[in-house]
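Let me begin by presenting the structure, written as structure tokens, before commenting on it.
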Amino acid sequence: MLALWGEAVRSVEERVKPTHRDQWLRPITCLGFEGSQIRLHAPNRYHKEWFEDHYLPAILSNLESRTKTTYSVLFEVGEEETTKVASRQVVDAPLAAEPSAPVAMPKGLDTRYEFDNFVVGNTNQFAHAAARMVADAPASKYNPLFIFGGVGLGKTHLLHAVGHEIHRQHPEWNITVVSCEQFVSSFIGSMLNQRRQSGHPSSINLMEEFRHHYREAPDVLLVDDIQFLAGKDSSQDEFFHTFNALHHAHKQIVLTCDKLPAELPGVEERLRSRFTWGLIAEIGHPDLETRMAILKRKAELEDIDLPDDVALTVATRFRSNVRELEGALVQLSARASLLGCTITKEVAEEILKSIASPGPTGLTVEAIQREVCSYFEVKLHDLKGPKRHRAVAHPRLIAMYLSRQLTQMSYPEIGSRFGGKDHSTVISAFRKIEKKIAEDPSLRSVVSTLTSRLRQR
């Protein structure tokens, strides 16, 4: 009966791409037949579900047509944490060849960003788990993985960590990692050079080369800061077809962004819709305990002696993002070294006075208004005017909230800069947004993104 199973599987293999066969078909093994029941083994539930959806009906149909018997299937699912499909041995497989030389690291992967040095906390736990799941079983369930959050919170770290883990498990796979800006620049460059060279007998088709690089070659595509597609119609069209080609071929796609797909201004609906096909995971601002853990981990990696009370002092002062937090630690260590002193709480407090202030400096209500208008694509005179429909009223509430949070302006002063609004209107706006932030993760993400942008001014 095992021979019958093998023949039925081979009948399906003929219609399956080699990479799909090795990744999804061969890891499923037949343990035996018990009457009309077939016992199968899958390395994990992702392989089981994919096999059931894509290959099992055809295999059963082949078996039943030859044996005139209707079969049921019982799966045994393995408990291994990582899926190593490419290296799994199957019945009748040839003997393994001698170990080959180490495969080169995929171009563009940053060696600093791996799962081992990513500090997990309450606000990034889900995103970390999702990235781990995708790295362990690429393209099996969550495709694309869409990671969003404010500036400097760890999106890029997780993106590269996924790449490193997949490379470790499948060193022969092509992993393409690129920023959205690089994708756009490469697309425009290929298009322009193609036009210049058109008609030249020795010219190569640069657009075909570009499309092969992004649509056909990758087994995994990692794109950082996908929000930079906004307003670039030709690039959006190109990425739309790239996404479709890879997704149809069951290649894993991971994207990072500073906001939810539905909130991406200037991005076509068909793209925003595809970004939601898989799993969306948010990274929020780290809480105090996570910030302290990040500092301690960074200090350990940099061989910096960082007492707990100093870590608490730095973590309390720097709340915005991880990048800012780590930068403060580097500056603190460098200045203490130049001064020839040990890093103590007193020394840290004194040094931090010169490299940071409790809040942003030089930030004006007008700057906040311009940033909010740019983000929501509304006109400044509408934001400051009397219009009350949601497309304007919602950004206005957020702008008032940020003005109170990020400047020293009083409620009446803020109201005067919004077309002479009463101070009670500003108070109401502040309280309304403050309450909603605690309840609505998408609004929390928007405010976080705007705050990060404004702090970088």
Checklist line | Within 45° cone and under 6.0 Å: R132 NZ/CZ vs F115 ring | finding: yes

Next item on the list: Would you please name every residue forming a side-chain hydrogen bond (donor to acceptor under 3.5 Å, both in side chains) with D309, sequence neighbours left out?
Entry: none

Notebook entry, point to check: NZ of K232: more than 12 outside heavy atoms within 6.0 angstrom?
Noted result: yes

Next item on the list: Considering only NZ, NE, NH1 and NH2 on the basic side and carboxylate oxygens on the acidic side, decide whether E216 and R211 come within less than 4.0 Å.
Entry: no

Margin query: According to ring pair (Phe, Tyr, Trp, His ring centres under 6.0 Å), does anything in residues 259-280 pair up with another residue at least two apart or in another chain? List the pairs.
Written below: F146-F275, F243-W277, H247-W277

Notebook entry, point to check: Where do I343 and S333 come nearest, in terms of heavy atoms and distance?
Noted result: CD1-CA, 4.0 Å

Notebook entry, point to check: Where the side chain of Q236 meets the backbone of G266, is there a donor-acceptor pair that is under 3.5 Å apart?
Noted result: yes

Next item on the list: Examine distances only and state if a side-chain atom of T69 and a backbone atom of T67 form a donor-acceptor pair shorter than 3.5 Å.
Entry: yes

Notebook entry, point to check: In a check of side chain to side chain donor-acceptor pair (under 3.5 Å) between N117 and each of H157, K298, E300, which one passes?
Noted result: H157

Item checked: Non-hydrogen atoms of C257 and Q227 that approach each other most closely -> CA-OE1, 3.3 Å

Margin query: Quiz question: by atom type and distance under 3.5 Å, do the side chains of R274 and N244 form a donor-acceptor pair?
Written below: yes

Note to self: If the threshold is 4.0 Å, N to carboxylate O, is there a salt bridge linking R444 and E439?
What the structure shows: no

Next item on the list: Under the side-chain hydrogen bond (donor to acceptor under 3.5 Å, both in side chains) rule, collect the residues that match up with R112, sequence neighbours excluded.
Entry: D110

Note to self: Between R291 (side chain only) and P286 (backbone N and O only), is there a donor and an acceptor less than 3.5 Å apart?
What the structure shows: yes

Notebook entry, point to check: Going from CG on L4 to CG on L63, what distance comes out if it is rounded to the nearest 0.5 angstrom?
Noted result: 6.5 Å

Notebook entry, point to check: Just checking, any donor-acceptor pair under 3.5 angstrom between side chains of N122 and E289?
Noted result: no

Next item on the list: Salt-bridge test for D237 and R270: reply yes if a basic N is under 4.0 Å from a carboxylate O, no otherwise.
Entry: yes

Next item on the list: Kindly say whether L153 contributes a backbone atom to a donor-acceptor pair with the side chain of N124 at under 3.5 angstrom?
Entry: no

Check: Which residues satisfy the side chain to side chain contact (heavy atoms under 4.5 Å, CB included) test with E64, sequence neighbours excluded?
Finding: L60, T70, Y71

Item checked: salt bridge (charged side-chain N to carboxylate O under 4.0 Å, His left out) evaluation trace for E268 with R272 -> CA-CA 6 Å; E268 297 174 5; R272 286 189 277 121; over 6 Å; no

Check: With no hydrogens and no angle check, do the side chains of D258 and T449 hold a donor and an acceptor under 3.5 Å apart?
Finding: no

Note to self: Is it the case that the side chain of E52 and the backbone of P57 share a donor-acceptor pair, with hydrogens and angles ignored and the cut-off at 3.5 Å?
What the structure shows: no

Next item on the list: Would you confirm whether S445, through its side chain, and G149, through its main-chain N or O, come within 3.5 Å as a donor-acceptor pair?
Entry: no

Next item on the list: Flag the pair K155 and D225 as a salt bridge only when some basic side-chain nitrogen lies within less than 4.0 angstrom of an acidic carboxylate oxygen.
Entry: no

Next item on the list: Spell out, as yes or no, whether a donor-acceptor pair under 3.5 Å connects the side chain of R215 to the backbone of A245.
Entry: no

Item checked: Point-to-point distance, once rounded to the nearest 0.5 Å, from CG of D308 to NZ of K345 -> 12.0 Å

Next item on the list: Compare every heavy atom of A348 with every heavy atom of L332, then report the nearest pair and how far apart it is.
Entry: CD1-CA, 3.8 Å

Margin query: Using 0.5 Å steps for rounding, measure from the CG atom of N62 to the CD1 atom of I59.
Written below: 8.5 Å

Next item on the list: Indicate the atoms forming the closest heavy-atom contact of L306 with A311, along with that distance.
Entry: CD2-CB, 3.9 Å

Note to self: Quick check for you: to the nearest 0.5 Å, what is the distance between M191 atom CE and S234 atom OG?
What the structure shows: 5.5 Å

Notebook entry, point to check: About how many Å separate NZ of K432 and CE of M400, when rounded to the nearest 0.5 Å?
Noted result: 11.5 Å

Next item on the list: Kindly confirm or rule out a cation-pi arrangement of K48 over F75, judged by NZ or CZ under 6.0 Å from the six-membered ring centre and within 45° of its axis?
Entry: yes

Next item on the list: I would like to know whether L221 and Y214 meet side chain to side chain contact (heavy atoms under 4.5 Å, CB included); could you show each step before the answer?
Entry: CA-CA 8 Å; L221 178 64; Y214 285 107; 4.2 Å; yes

Next item on the list: Kindly indicate whether a cation-pi arrangement holds for R453 with Y375, taking the cut-offs as under 6.0 Å to the six-membered ring centre and within 45° of the axis.
Entry: no

N/O donor-acceptor pairs under 3.5 Å from side chains in residues 176-183, not counting sequence neighbours:
from: T176; atom 1: OG1; to: N174; atom 2: OD1; distance (Å): 3.1
from: S179; atom 1: OG; to: Q182; atom 2: N; distance (Å): 3.1
from: S179; atom 1: OG; to: Q182; atom 2: OE1; distance (Å): 3.4
from: Q182; atom 1: OE1; to: S179; atom 2: N; distance (Å): 2.9

Notebook entry, point to check: Do side-chain atoms of Q252 reach the backbone of P138 as a donor and acceptor pair under 3.5 angstrom?
Noted result: no

Checklist line | Main-chain N/O of V447 paired to T451 side chain as donor or acceptor, under 3.5 Å | finding: yes

Margin query: Using a 6.0 Å cut-off, check whether atom CZ of R431 has over 12 heavy atoms from anything other than its own residue.
Written below: no

Item checked: Considering all heavy atoms, the nearest R297-D116 contact -> NH2-O, 3.5 Å

Next item on the list: Give the minimum heavy-atom separation between I280 and F126, together with the two atoms involved.
Entry: O-CE2, 3.6 Å

Item checked: H164-Y113 aromatic ring centre distance below 6.0 Å -> no

Check: Out of curiosity, K251 NZ to L246 CG, how far, rounded to the nearest 0.5 Å?
Finding: 6.5 Å

Checklist line | Which residues share a side-chain hydrogen bond (donor to acceptor under 3.5 Å, both in side chains) with S61, sequence neighbours left out | finding: none

